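Take a look at the structure set out below.
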Amino acid sequence: MAAATIALMAAVAVLACAIALAFALWRDPYRLVRAEYARQRRALGLRRHRRSIDGCTWTWVEGAAAHADAPTVVMLHGYTGSKENWYRLAARLRDRYRLVIPDLPGWGDSQRNEGDDYGYAAETARVAAFIRAVSERPVVLLGHSMGGGIAAAAAARHPELIERVVLLNASGVEFGENRFGLEVLDGGNPFGVSDAASLERYLSLLFHDRSARPPIPWPAAHAVIAHRRREGAFEQSVLDRIGRGEARFLPGEEAARIRQPALLVWGAQDRVIDPSALDLFAQRIPHARKLLLEGSGHMTLMERPDAVAAAVTALIEEARPA
């Protein structure tokens with residue numbers, strides 16, 4: 001009888017937990033996505049940090065290097081992205097370097113203020129303050145897409161903070177005409193997600209290699225769609241600045257002042273920022289190394305992480321003391 005009672009109590013407890021979990025997911029289905037991100041972060045040995053810097057609260061993850069004197073590598077994600085976009089590359093660079101991977105202000109888990117400016121210039125100033133706060137020495141700055149545009153401007157405006165710079169599929173130059181760019185200029189948001197069809201379109205724009213896409217099974221897909229629908233107005237406001245505003249070519253203009261060792265990485269099948277942008281940036285940074293990756297679209301950091309990691313490592317190690 002006692003055993004039966006214990007079994008019944010255990011079953012009731014399991015049922016209560018299941019009901020509580022279902023209620024929590026009903027209220028916030030994006031918990032599923034955050035839980036998966038947390039699992040990936042723990043698997044990589046990255047620690048989560050949250051801190052106010054010059055009045056802005058940043059959230060970032062960090063991984064220590066095997067040696068205390070190793071360079072610090074800061075990674076800036078792109079438009080609609082987050083720090084988690086870098087995890088595949090981080091897996092290939094961890095231990096060798098100190099890794100600092102933030103959510104840019106306005107995005108992910110970092111602070112967003114209604115009505116604030118999240119264009120290139122404003123974010124560049126915030127990134128400079130962040131670097132000063134997290135590193136006593138100049139850093140290696142990596143930026144992807146919008147984050148690449150910010151990284152270019154930061155390297156030009158704050159050379160004392162940035163030792164080397166890597167731009168991956170960076171925005172901020174007037175690249176060859178493509179469907180994505182035309183839609184942006186017409187006032188649309190090709191990255192907008194409101195249903196299953198637009199989520200598929202979004203992923204197809206980003207990834208050339210379908211096998212490199214992050215798996216989004218149901219009900220996670222439902223959570224992602226609901227989250228992106230809520231983000232729509234903010235995304236549009238940022239795109240108004242970086243895609244259609246007067247300062248949309250600020251990164252390309254500033255890039256001409258970059259003197260640090262630099263690396264330009266592009267996907268040959270990028271449907272977002274046409275690969276012609278690689279040579280346009282190279283004209284402004286003639287000393288930069290160039291890497292064009294066949295079989296990759298806009299998400300080179302996720303589609304070709306081994307090749308990107310090798311190129312980043314080569315740039316960092318070039319002319320460094322043994």
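These values consider heavy atoms only, across backbone and side chains, with no hydrogens, waters or symmetry-generated copies. Computed from a predicted model, the values in this text were never measured in an experiment.
Across L167 and G148, no two heavy atoms sit closer than the pair CD2-O, 3.3 Å. Looking at every heavy atom in both residues, Y37 comes nearest to S82 through OH-OG, 4.4 Å. Minimum interatomic distance between S110 and T59 (heavy atoms only, all atoms of both residues): OG-N, 2.9 Å. Of all non-hydrogen atoms in G192 and E235, the two that sit nearest each other are CA-OE1, 4.4 Å. Considering every non-hydrogen atom in both S296 and R304, the closest pair reads CB-CG, 3.8 Å. Shortest non-hydrogen contact noted between Q236 and G188 is OE1-O, 4.1 Å.
Checked by atom type and distance alone, the side chain of S194 never pairs as donor or acceptor with a backbone atom of R229 at under 3.5 Å. Panel note: side chain H77, backbone L104; a donor-acceptor pair is recorded below 3.5 Å. Formation of a donor-acceptor pair under 3.5 Å by the Q111 side chain with backbone atoms of T57 is found in this model. Looking only at distances, no side-chain donor or acceptor of E174 sits under 3.5 Å from a matching main-chain atom of F249. Remark: the backbone N or O of S276 is not paired with any side-chain donor or acceptor of D279 at under 3.5 angstrom. Judged purely by atom type and a 3.5 angstrom limit, D103 uses its side chain to pair as donor or acceptor with the backbone of K83.
By the 4.5 Å heavy-atom criterion applied to side chains, H208 and L293 are not counted as neighbours. Counting heavy atoms from C-beta outward, L93 and L99 have side chains that approach closer than 4.5 Å. Side-chain contact between R179 and L182 is absent, with no heavy atoms from C-beta onward closer than 4.5 Å. Contact check for E231 versus R112: side-chain heavy atoms found under the 4.5 Å cut-off. Put simply, the side chain of E183 does not reach to within 4.5 Å of the side chain of L185, judged on heavy atoms. The side-chain heavy atoms of C56 and F130, taken from C-beta on, include no pair separated by under 4.5 Å. Side-chain contact check for V173 versus Q283: every heavy-atom pair is 4.5 Å or farther apart. Between T124 and L250, the closest side-chain pair of non-hydrogen atoms is not below 4.5 Å.
Dense packing is recorded around CZ of R213, with more than 12 heavy atoms of other residues, nucleotides or ligands lying under 6.0 Å away. In the displayed structure, E200 atom CD is contacted under 6.0 Å by more than 12 heavy atoms of other residues, nucleotides or ligands. The 12-atom threshold is not exceeded at CD of E177, counting heavy atoms of other residues, nucleotides or ligands nearer than 6.0 Å. Within 6.0 Å of NE2 on H158 lie more than 12 heavy atoms contributed by other residues, nucleotides or ligands. Within 6.0 Å of CZ in R47 there are 12 or fewer heavy atoms belonging to other residues, nucleotides or ligands. No more than 12 heavy atoms of other residues, nucleotides or ligands sit less than 6.0 Å from atom NE2 of H67. Atom CD of E246 has 12 or fewer neighbouring heavy atoms from other residues, nucleotides or ligands inside a 6.0 Å radius.
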Begin with the C-alpha distance, continue with both residues' side-chain angles, and end with the deciding distance and a verdict on side-chain hydrogen bond (donor to acceptor under 3.5 Å, both in side chains) for D195 and S198. CA-CA 5 Å; D195 53 23; S198 53; 2.8 Å; yes

Starting from the C-alpha separation in whole Å, work towards a yes-or-no answer on side-chain contact (heavy atoms from CB on, under 4.5 Å) for L292 and L278. CA-CA 8 Å; L292 183 65; L278 172 63; 4.1 Å; yes

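Under the ring-ring contact (aromatic ring centres under 6.0 Å, His included) rule, W107 has a single partner from Y118, W60, Y79, which is Y79.
A donor-acceptor contact closer than 3.5 angstrom links the side chains of N169 and D270.
Between the CG atom in L46 and the CD atom in E62 there is a gap of 9.0 Å [rounded to 0.5 Å].
Qualifying ring-ring contact (aromatic ring centres under 6.0 Å, His included) partners for Y87, counting only residues two or more places apart in sequence or in other chains: none. Residues passing the ring-ring contact (aromatic ring centres under 6.0 Å, His included) test with F281, sequence neighbours excluded: none.
A continuous path of Ile, Leu, Val, Met, Phe, Trp and Tyr side chains, each step under 4.5 Å between heavy atoms, connects Y30 with F234, placing both in one hydrophobic cluster.
Contact check on D54 versus R126 returns no salt bridge, with no Lys/Arg side-chain nitrogen under 4.0 Å from an Asp/Glu carboxylate oxygen.
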